[in-house]
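Working notes, beginning with the structure itself.
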Amino acid sequence: MNQGGVSVSPRLLTKTLRQYSLTTMSRSSRYRFAFVSNSVEIAAAVEACSDPEREKFITNRATMEEALLVARQLIDDGVEVVIGGGATGRLMRQNLNWPVVTIGRTHLDILRALLRARSYCRSVALTSFDQPVDGMDELQGLLDMQIRPIVFSTTPELVKGVNQALAEGVCCIVGSGICSDIAIAKGGHAEVVLPSREVILRALEEARAIASAQRQEREKSELLRIILQNITEGVFGVDEAGRVNIFNHTASKTLGIDAGKALNRPLNEVIQNTGLIQVLETAQPEVDKIRRLR
């Protein structure tokens with residue numbers, strides 16, 4: 001077969017399609033998700049909503065300070081999407097260059113936790129990451145409660161806020177799992193804000209959609225890679241930074257350059273005096289010129 005000067009033999013084409021069909025089989029395997037949070041209660045709720053036939057779930061409990069390191073290790077181990085609860089999820093979403101799905105808490109979830117807390121007393125503290133919960137005055141009026149906000153961005157700030165609230169007479173801390181641990185350790189009561197089943201199911205569907213799209217993109221890239229490796233013309237390409245990101249077998253053989261030594265290196269370090277650098281820098285084509293290599 002020959003189209004536009006690029007040749008692919010029928011035998012190689014058959015081999016290419018066979019290789020590609022093997023890569024697409026991975027789409028039928030279970031997704032790999034990881035849930036990173038400091039809350040045992042929320043982790044249990046997420047696992048209860050997950051579908052073992054569709055995803056393999058890894059649960060890691062970590063503080064906010066530990067979450068990024070834990071998540072990066074999980075990503076290195078092959079996790080496709082990281083799921084986080086509350087403050088930990090938002091922190092990972094802001095700092096990881098990887099798909100992160102956050103399981104947020106709705107006002108209805110907060111309302112349910114406050115109703116449970118009201119059984120202890122009418123003076124409680126409500127924790128929130130980075131900024132206060134909207135509608136605090138309305139919640140106080142609706143429930144006939146005094147609700148003290150505790151806003152934090154680090155674990156030490158949270159510990160300090162919980163300790164101050166308990167010292168000033170607040171009897172129940174409403175918030176995440178780590179808030180509960182801190183309050184109970186100090187002799188106070190705590191209620192964990194648990195996301196509803198609907199919120200968790202939406203997060204899982206979002207994670208599945210992201211993982212599916214990632215797999216399809218990888219399959220397209222793999223098909224392109226296999227085709228380029230099997231055509232009879234030498235092909236190499238560069239990314240927007242001028243680094244070699246494609247270097248097929250024919251190019252390696254023709255130029256006498258090992259592909260492993262060429263990939264991810266600047267083009268001018270791999271092949272010199274070809275005029276290609278000038279083309280990349282000026283965006284002006286060079287046509288019908290003969291260049292001698294080696």
Side-chain angles (χ1 to χ4, degrees), residues 35-46 59-71 83-95 100-200 203:
F35 181 77
V36 180
S37 174
N38 53 33
S39 173
V40 174
E41 296 86 349
I42 298 177
V46 173
T59 300
N60 281 75
R61 191 178 186 195
T63 66
M64 288 187 296
E65 287 73 19
E66 299 167 337
L68 294 178
L69 182 62
V70 169
I83 301 174
T88 306
R90 290 177 60 187
L91 183 68
M92 292 190 296
R93 196 164 200 164
Q94 292 169 3
N95 293 277
V100 176
V101 173
T102 302
I103 299 178
R105 57 185 191 178
T106 67
H107 277 76
L108 184 57
D109 300 328
I110 295 172
L111 180 61
R112 292 192 183 106
L114 288 171
L115 284 170
R116 294 193 300 270
R118 195 170 65 168
S119 64
Y120 302 112
C121 65
R122 297 297 176 101
S123 178
V124 304
L126 177 61
T127 67
S128 58
F129 179 72
D130 200 31
Q131 56 188 3
V133 174
D134 290 334
M136 191 77 80
D137 292 339
E138 288 82 353
L139 286 171
Q140 290 188 105
L142 179 65
L143 299 174
D144 189 23
M145 298 172 67
Q146 289 185 338
I147 304 174
R148 169 179 174 156
I150 299 176
V151 181
F152 66 96
S153 57
T154 65
T155 300
E157 288 179 2
L158 177 60
V159 172
K160 181 179 178 181
V162 170
N163 288 340
Q164 286 181 346
L166 293 174
E168 293 172 7
V170 168
C171 72
C172 186
I173 306 297
V174 178
S176 62
I178 191 172
C179 303
S180 174
D181 293 343
I182 297 168
I184 292 172
K186 290 293 182 179
H189 295 289
E191 286 293 338
V192 177
V193 179
L194 292 173
S196 66
R197 178 178 175 82
E198 291 75 19
V199 169
I200 295 174

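Computed from a prediction, not measured in an experiment: that's the story for all the values here. Throughout, numbering of the chain's residues begins at 1 and tracks the sequence.
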How far does [atom1] of [X] sit from [atom2] of [Y], to the nearest 0.5 angstrom?
X      : Y      : atom1 : atom2 : result
Thr59  : Ile42  : OG1   : CD1   : 12.0 Å
Leu194 : Ser39  : CG    : OG    : 6.5 Å
Leu91  : Met64  : CG    : CE    : 7.0 Å
Ile110 : Arg105 : CD1   : CZ    : 4.5 Å
Ile178 : Thr88  : CD1   : OG1   : 7.5 Å
Leu108 : Glu198 : CG    : CD    : 9.0 Å

Within 6.0 Å of CD in Gln146, more than 12 heavy atoms from elsewhere: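 Incorrect, the count does not exceed 12.
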
Do Asn163 and Lys186 have side-chain heavy atoms sitting under 4.5 Å apart?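 SC-SC contact between Asn163 and Lys186 confirmed.
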
Under 4.5 Å between any side-chain heavy atoms of Val124 and Met145, yes or no?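 They are in contact (side-chain heavy atoms under 4.5 Å apart), so the answer is yes.
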
When you measure from the side chain of [X] to the backbone N and O of [Y], does any donor-acceptor pair fall under 3.5 Å?
X      : Y      : value
Glu41  : Val192 : no
Glu66  : Ala62  : no
Gln140 : Ile147 : yes

Contacts of type side-chain contact (heavy atoms from CB on, under 4.5 Å), residue Leu68, not counting sequence neighbours: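 Leu68 satisfies side-chain contact (heavy atoms from CB on, under 4.5 Å) with Arg72, Met92, Asn95, Leu96 only.
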
Of all residues at least two apart in sequence or in a different chain, which pass the side-chain contact (heavy atoms from CB on, under 4.5 Å) check with Leu115?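 Here the qualifying residues are Leu111, Arg118, Leu143.
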
Please collect all side chain to side chain donor-acceptor pair (under 3.5 Å) contacts where either partner lies in residues 121-134, sequence neighbours excluded, each pair once.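 Sorted pair list: Arg122-Asp144.
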
Taking all heavy atoms of [X] and all of [Y], pick out the closest pair and write down the distance.
X      : Y      : value
Val100 : Gly89  : CG1-O, 3.9 Å
Val170 : Ala125 : CG1-N, 3.4 Å
Ile150 : Gly161 : CD1-O, 3.6 Å
Ile173 : Ala165 : CD1-CB, 4.3 Å
Gly104 : Pro195 : O-CB, 3.9 Å
Asn38  : Thr63  : CB-CA, 4.5 Å

Residue pairs fulfilling disulfide bond (SG atoms under 2.5 Å apart) with at least one residue in residues 121-188, sequence neighbours excluded: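 Output for this query lists Cys121-Cys171.
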
What pairs meet the ring pair (Phe, Tyr, Trp, His ring centres under 6.0 Å) rule with one or both residues in residues 154-187, with sequence neighbours excluded?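 Every candidate ring pair (Phe, Tyr, Trp, His ring centres under 6.0 Å) pair involving residues 154-187 fails, so no pair, neighbours aside, qualifies.
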
Whether Phe152 and Phe129 hold their rings parallel, tilted or perpendicular, with breakpoints at 30° and 60°: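 Plane angle over 60°, so perpendicular.
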
Can you name the side-chain hydrogen bond (donor to acceptor under 3.5 Å, both in side chains) partners of Asp109, sequence neighbours left out?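 If we apply the side-chain hydrogen bond (donor to acceptor under 3.5 Å, both in side chains) test to Asp109, skipping adjacent residues, the hits are Thr106, Arg112.
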
